[in-house]
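Single-structure report; data block below.
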2 protein chains.
Amino acid sequence: MICPDDHLRPLVLERLMLYHRFLSERGGRKALATVTSGQMAEALDVDPTQVRKDLGSIGLRGRGRVGFNATEVVNTIRQVLGFDRTHLAVLVGVGHLGGALIAYRGFARYGLRIVAAFDSDASKTGQELAGCPIRNTRGMTAFVRRHQIHLAILSTPADVAQRVADRLVAAGVRAIWNFAPTRLAVPEGICVRDEHISLGLSQLAYRLSD
Amino acid sequence: MICPDDHLRPLVLERLMLYHRFLSERGGRKALATVTSGQMAEALDVDPTQVRKDLGSIGLRGRGRVGFNATEVVNTIRQVLGFDRTHLAVLVGVGHLGGALIAYRGFARYGLRIVAAFDSDASKTGQELAGCPIRNTRGMTAFVRRHQIHLAILSTPADVAQRVADRLVAAGVRAIWNFAPTRLAVPEGICVRDEHISLGLSQLAYRLSD
DNA sequence: TAGATTGTTAATCGATTAACAATC
DNA sequence: TAGATTGTTAATCGATTAACAATC
């Protein structure tokens, strides 16, 4: 068993992802065999103690005066976060943002595979986008059930997001990646991650208005 | 002067934005003249005390047994966050995501106006996207300087993001909305907001892998 | 008035950082 | 060995929540 702790906190998970990215995508730099918490900390603007704690929480041990085995760190994080598995997903709402998410090739390395997209606009359905078929929303529930999809990406307008989420959950979806600018009410046990892009503007506009 | 506190923390700013959205976009619901901290708290899954503290921190006072004046709350948040001003911005990197950001009409209500987009791909430059001209990156620095642009949206590939950011800062940009999956090094005083969409996957994949 | 709601102070909780002996 | 780096415990910091008198 890889994961000694029962439950890793969201902030820890995000930092693990940053460590993973830093170690696996070191463009230009030499791919070193070992890496110290200090090196990771400086590159990612995190406290070195934090790095050691995070790695320790998933069972990784470093060596004094040497540091951590870089490939071991990458592989363990991959396993703990579940990137070594394939996560089948559907996407609902093929607007500009939905299309961008479908076309983005970077998700594949995390095991995410969008197998179908759904939209209520008949002029879009029947086509393909980056190899992903766009279907009519009518068939969504049946598709999700038949293929046992557990993850849905929601990029619909805000006013229909809740209704779509309800149908997805009823069809067996257990996690929703929500790009619609609204809060979703879901049953206990369903995982929702909000990606409310506009929130970023609060900081930027505030800082620019000084 | 509207803002009594010198400095509002990022988490407070995000919640203020949620309150603002809730009160200004209440689709279906009656637009009530007053709203209580309890109503906002329940709708947004925040503690009622938190709501009162946040509103109090920007000078808003409620009335016992009544609550807060809804339009006063909306207007004050708009002013404090700077949504009543126009923020001119450039966008760099017109890929799928960049295009989606240009086309998204929801930013206008926060005062954001993308006046030009830049890309190094000659097949894209010269065109328009949703009324926004796409120009060659060569002219970026001059454009930013000439129009005194203070905000830049970065949606380039990760490997060129730092170079682009350096040029933008040199040209006078003071805030960067970074959608490139990489950390940017910027001088003191420059505000960077990272919108690393992939980070959301850490939570979703982890939860699906139980 | 009675009682729902506020504003504020105190307590709790969790996350971050500092200190330092143990390790290689 | 000497000293850089680790793992862990303690201290600090900030954010959230609870308690409650004041208000309308």
Side-chain angles (χ1 to χ4, degrees), chain A residues 3-19 22-23 32-73 76-77 80 183 194 199 202-203 206, chain B residues 3-19 22-23 32-73 76-77 80 183 194 199 202-203 206:
Chain A
C3 175
D5 276 334
D6 279 334
H7 178 66
L8 297 171
R9 295 227 153 57
L11 288 173
V12 176
L13 294 172
E14 289 204 358
R15 282 194 302 266
L16 288 174
M17 186 128 182
L18 293 178
Y19 307 147
F22 171 68
L23 293 175
L32 297 169
T34 61
V35 64
T36 68
S37 59
Q39 290 169 330
M40 288 190 258
E42 200 194 339
L44 301 170
D45 198 23
V46 179
D47 189 274
T49 307
Q50 187 74 272
V51 175
R52 295 198 292 276
K53 265 203 170 145
D54 291 338
L55 297 183
S57 74
I58 57 171
L60 288 163
R61 307 283 120 173
R63 292 201 303 161
R65 224 172 111 66
V66 177
F68 294 82
N69 179 322
T71 58
E72 188 191 350
V73 171
T76 304
I77 294 176
V80 170
R183 207 178 90 80
D194 289 321
L199 286 188
S202 61
Q203 260 113 111
Y206 177 67
Chain B
C3 176
D5 276 335
D6 279 333
H7 179 65
L8 297 171
R9 295 227 152 58
L11 288 173
V12 176
L13 293 172
E14 289 205 358
R15 283 195 302 266
L16 288 174
M17 187 126 179
L18 293 178
Y19 307 148
F22 172 68
L23 293 176
L32 296 170
T34 61
V35 64
T36 69
S37 60
Q39 290 170 331
M40 289 191 258
E42 201 195 339
L44 301 169
D45 200 23
V46 179
D47 189 273
T49 307
Q50 189 72 271
V51 175
R52 295 198 293 274
K53 268 206 168 141
D54 291 338
L55 298 184
S57 74
I58 57 170
L60 287 162
R61 307 283 119 171
R63 292 201 303 160
R65 224 174 112 67
V66 177
F68 294 81
N69 179 321
T71 58
E72 187 191 349
V73 171
T76 303
I77 294 177
V80 170
R183 208 178 90 80
D194 289 321
L199 287 188
S202 61
Q203 260 112 110
Y206 177 68

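- Positionally, the nearest nucleotide of DNA chain C for B:G62 lies more toward the 5' end than for the other of B:G62 and A:R63.
- As rounded to whole Å, 12 Å separates atom P of D:dT6 from atom CG of A:L60.
- Spacing between atom CG of B:L16 and atom P of D:dA15 amounts to 14 Å, rounded to whole angstrom units.
- A straight line from CZ of B:R65 to P of C:dT5 spans 8 Å, rounded to a whole angstrom.
- Atom pair B:R61:CZ and C:dT5:C1' shows a separation of 14 Å (rounding to whole Å applied).
- Phosphate proximity of D:dT16 to B:R15: present, with a side-chain N or O under 4.0 Å from OP1 or OP2.
- When side chains are defined from C-beta on, B:L60 does not count as touching B:D54, because their heavy atoms never get closer than 4.5 Å.
- The shortest distance between the side-chain N/O atoms of A:S37 and the OP1/OP2 oxygens of D:dT6 is below 4.0 Å.
- For B:N69 and D:dC24, the CG to C1' distance is 15 Å, given to the nearest whole Å.
- Between the base of D:dT6 and the side chain of A:K53 there is no donor-acceptor pair shorter than 3.5 Å.
- The structure places CZ of A:F68 at 11.0 Å from OG1 of A:T76, a figure rounded to the nearest 0.5 Å.
- With a cut-off of 3.5 Å on both pairing distances, the Watson-Crick or G-U wobble partner of D:dC20 is C:dG7.
- An OP1 or OP2 oxygen of C:dT5 is reached within less than 4.0 angstrom by no side-chain nitrogen or oxygen of B:R52.
- Here the side chains of B:R15 and B:L44 are not in contact, with every heavy-atom distance at 4.5 Å or above.
- Across all strands, A:T49 comes closer than 4.0 Å to base atoms (heavy-atom distances).
- Distance CD (B:Q50) to P (C:dT8): 15 Å, rounded to an integer number of Å.
- Computed from coordinates, the A:I58 CD1 to D:dG7 P distance equals 12 Å when rounded to whole Å.
- Remark: side-chain polar atoms of B:Y19 are not paired, donor with acceptor, to backbone N or O of B:V73 under 3.5 angstrom.
- Side chain of A:R52 to main chain of A:S37: no donor-acceptor pair is present (N/O by atom type, distance under 3.5 Å, no hydrogens or angles).
- The separation between A:D54 atom CG and D:dT8 atom C1' is 14 Å, rounded to whole Å.
- Across all strands shown, C:dG14 pairs with D:dC13; the Watson-Crick or G-U wobble distances both stay below 3.5 Å.
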